[in-house]
> 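Before we start, here is the structure in question, set down as structure tokens.
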Amino acid sequence: MNKIYFNTFVIMIAIIAVINFAFYWTSKDNLIKKEVEINESVSKNIKSTVEMNQKSVELFESSLAQQLYTDSLFINNQLPSDAKQVSQSQLQELVKKLQIDEISILVPDNQWFDLVQSTSSTEVGTNSKMWGDKWNQTFFQLVKNKNVTVEPNFGEVYPHFWAGPFDSSANIPDKLIKYGYYYDGTKNYIIEPAYNGKKLVDYQKEAGVDAAINSLMNNNPSIKEISVLNYNRLTGDFKLANGELWTNRIAFHNREVISGTNNYASDKNFASKAINQNKTIYRMVTLNGKQILQFYIPIEIKIDGNTNQYKTIIISSVDYSQISNELRKGMIQLTLVVIFCFIICFVLIYILFRHIRKQGKLLSDIQNLYAGRVNSLYKTIREYRHDVANHIFTIQGLLSLKHYSDAEGYIKQLSHIHKETSAIVNIHIPAFIGLLQVKIAESMEKNIKFDHHFEGFEYLELDIEKTTDLVKVMGNILNNSFYEVEKNEEGNRFVAITGKAMEKKLQICIRNNGDMIPPHLLKKIFEYEFTTKKEGSGIGLASANKTIEQYKGKITVNSNQERTIFTIDLPLSKREFVPDPLQKGKSIGKQEG
């Protein structure tokens, strides 16, 4: 049995391990899918934010361009036609009057333009050589045609005027400026008014992409960083011309890193994979000693209907420890539930095994009980066989002596004895029949008058365990009764058992005319190890009383000079008493004396 318990325990541990393993991988996959959904949702918000922000920037730039154009017309009317006659004080007075940030004068050279006069002393004496071919080509186009035709997203155009995109000055690289350029042929120079882009920078900080990303991260605590990268710039598919200082451009299609702080050189392969497969991919990395789950989410930023140039990768970094904690918490909860279930199963198995052992013991007891009854009957039969031979010889002798009347009386006496021993109690419970047959035979052997009478027993439907226990109880009490009446003289020995099965109750009474039980011993006779027999164990009546109490019944005893009566009251359920209307009122067995 211990081996069975051990094997059950080993199987339980193995099942818990398998369940936890399956739960870990399934839950891990589900949690990552959940994070993918969260981060893809965030990326859609970022995409919308970037596109709306770009439109805001374009509207802002368009508004500034229009203002610069209006300012350029006024400045053109106020300045002389020759660049040499323009003084710095004149330009400063116009800056103050128009409330703009800067005015400069550009004079064409062979390959670029010289900045010959400006309100900013740091600009005077510089040229457009470092501004890039694209800007210089636009300037020469303006001077040659007095108008400009430019590609989309490269400034705004008005008559005789072009405003470039926000740019940083070669001499002031940390400052974003919106420049305008006016030339109508009435001057030998280009007028360059400029507005500081500080307002746009402030707007970006408060309501731009970075602000939106910070808000999204605050609403999704598991996300530690969101980086937005220009895929074309990252992979080198979109190159800037030499000398074009576009590092700090506001225009997103010009920026390699739209948002984020990490070094993204190692992300090119994963970014390419995500773009080529057009789906989110992820990898596990270790940053600053922490496991980070990085999601590469491809999106396309649509600006002025053009998406070819603006492929974008959003890299979302999630602290994997949060997923690990959720997995660990889930595994602990699952393990506790599984252990609890297995404990219940183990207890049920233990109870089942105990029940099986008890049933085995019960079957053994039944076998022993029937073996004892059979042995007793066999012994009685052998004795009767020996007595029959003697009876035959006696009858033969009486007949040979022609004592016919004596022979007739002898035969009548033998018929009465046969009637006693062959009385079969018509009860459909074999254990009861066996007990009564043995006691009938024993009573004849010991010259005890034994009466028995039962009512309603044909309606009993007791299970084998309850039947066996009840037979053992009756057997113990009958044994004690037989023992007590044997002390009386022959002819004064009487034991009777009566039983009545009723709805909800079974009552059995066992009477004997043995010695009276003193009142002070009536309660003690049901105590273990109490006995009045010289060789008694003190177990029989105590065991009988305990057995009846287990079935919520009771045994009572009344004793006087004439009779001692043991009464067994046992409750019956509806399943144990099934009356048959056709059989009601019939008595079973016999009553003698």
> Quick one: does Glu461's side chain get under 4.5 Å of Val578's, heavy atoms only?
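The answer is yes, as the side chains (C-beta and beyond) meet within the 4.5 Å cut-off.
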> Any side-chain heavy atom of Thr567 within less than 4.5 Å of one from Val557?
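With C-beta onward as the side chain, the pair stays apart.
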> With a cut-off of 6.0 Å (strictly less than), are more than 12 heavy atoms of other residues, nucleotides or ligands near OH of Tyr551?
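Yes, enclosed.
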> For the residue pair Phe295 and Arg283, establish whether any side-chain heavy-atom pair is separated by less than 4.5 Å.
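No, every pair of side-chain atoms sits at 4.5 Å or beyond.
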> Is there a side-chain contact between Leu470 and Leu506 in this structure, where contact means two heavy atoms from C-beta onward sitting under 4.5 Å apart?
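SC-SC contact between Leu470 and Leu506 confirmed.
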> Measure from the side-chain N and O atoms of Asn545 to the backbone N and O of Leu541, and report whether any donor-acceptor pair falls under 3.5 Å.
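No; zero donor-acceptor contacts below 3.5 Å.
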> Side chains of Met474 and Leu435, heavy atoms from C-beta outward: is any pair under 4.5 Å?
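Yes. Closest side-chain heavy atoms under 4.5 Å.
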> Would a distance-only check, ignoring hydrogens and angles, find a side-chain to backbone donor-acceptor pair under 3.5 Å from Ser559 to Thr564?
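No: the side chain of Ser559 does not pair with the backbone of Thr564.
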> For Phe457 and Phe432, I'd like to know if the aromatic rings sit close, meaning centre-to-centre distance below 6.0 Å.
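Ring-ring flag for Phe457/Phe432: true, centres closer than 6.0 Å.
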> Main chain of Phe494, side chain of Asn513: is a donor-acceptor contact present, judged purely on distance under 3.5 Å?
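Checked: pair present.
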> To the nearest 0.5 Å, how far apart are CD in Gln277 and OG in Ser272?
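The distance works out to 11.0 Å.
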> Using modelled atom types only, decide if a donor and an acceptor are shared between the side chain of Asn492 and the backbone of Asn488 within a distance under 3.5 Å.
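Checked: no pair found.
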> Does Glu549 pair with Lys546 as a salt bridge, N-O distance under 4.0 Å?
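Between Lys546 and Glu549 there is no salt bridge, as every charged N stays at least 4.0 Å from the carboxylate O atoms.
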> As a quick check of understanding, evaluate side-chain contact (heavy atoms from CB on, under 4.5 Å) for Asp469 and Ile548, giving each step before the final call.
CA-CA 8 Å; Asp469 287 339; Ile548 295 301; over 6 Å; no
> How long is the span from the CG atom in Leu572 to the CG atom in Leu570, to the nearest 0.5 Å?
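Result: 6.0 Å between the selected atoms.
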> Please tell me if the side chains of Ile477 and Ile497 come closer than 4.5 Å, counting only heavy atoms from C-beta onward.
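No - every pair of side-chain heavy atoms lies 4.5 Å or more apart.
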> Return the CD to CG distance between Glu486 and Asn447, rounded to the nearest 0.5 Å.
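Those atoms lie 10.0 Å apart.
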> Do NZ/NE/NH1/NH2 and the carboxylate oxygens of Lys446 and Glu490 come within less than 4.0 Å?
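Salt bridge flag = no for Glu490 with Lys446.
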> Can you give me the closest heavy-atom contact between Asn278 and Pro298, atom names plus distance?
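Closest pair (atom of Asn278, atom of Pro298, distance): C-CG, 4.0 Å.
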> Which pair of heavy atoms, one from Val485 and one from Arg493, lies closest together, and at what distance?
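Taking Val485 first and Arg493 second, the nearest heavy atoms are O-CG, 3.1 Å.
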> Might you point out which heavy atoms bring Glu576 and Pro571 nearest each other, and give the distance in Å?
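In this case the closest contact between Glu576 and Pro571 is OE1-O, 4.0 Å.
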> Nearest 0.5 Å, please: how far is CG in Asp463 from CZ in Arg575?
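Arg575 atom CZ to Asp463 atom CG measures 9.0 Å (nearest 0.5 Å).
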> Which is it for Phe450 and Leu478 under the side-chain contact (heavy atoms from CB on, under 4.5 Å) test, yes or no, and what are the steps along the way?
CA-CA 10 Å; Phe450 181 53; Leu478 286 171; 4.1 Å; yes
> Measure from NZ or CZ of Arg511 to the centre of the six-membered ring of Phe566, then state whether that distance is under 6.0 Å and the direction lies within 45° of the axis.
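Not satisfied by the 6.0 Å and 45° rule.
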> Does Gln561 CD have over 12 foreign heavy atoms under 6.0 Å away?
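Atom CD in Gln561 is not packed in, count stays at 12 or less.
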> Would a 4.5 Å heavy-atom cut-off, applied to side chains only, mark Ile510 and Ile565 as touching?
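The answer is no, as the side chains (C-beta and beyond) never meet within the 4.5 Å cut-off.
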> Using only atom types and a distance under 3.5 Å, with no angle test, would you say the side chain of Glu484 pairs donor to acceptor with the backbone of Ser481?
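Answer holds: no.
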> Is it the case that Lys439 places NZ or CZ above or below the six-membered ring of Phe482, under 6.0 angstrom from the centre and within 45 degrees of the axis?
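Geometry flag: set, cation within 6.0 Å and 45°.
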> Please assess Lys574 against Glu503 for the test salt bridge (charged side-chain N to carboxylate O under 4.0 Å, His left out), listing each intermediate value before the final yes or no.
CA-CA 8 Å; Lys574 292 182 178 180; Glu503 188 176 1; over 6 Å; no
> Which distance, rounded to the nearest 0.5 Å, do you find between the CD of Gln507 and the NZ of Lys500?
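The CD atom of Gln507 sits 8.5 Å away from the NZ atom of Lys500.
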> To the nearest 0.5 angstrom, please state how far the CG atom of Leu522 sits from the CG atom of Asn558.
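Answer rounded to 0.5 Å: 8.0 Å.
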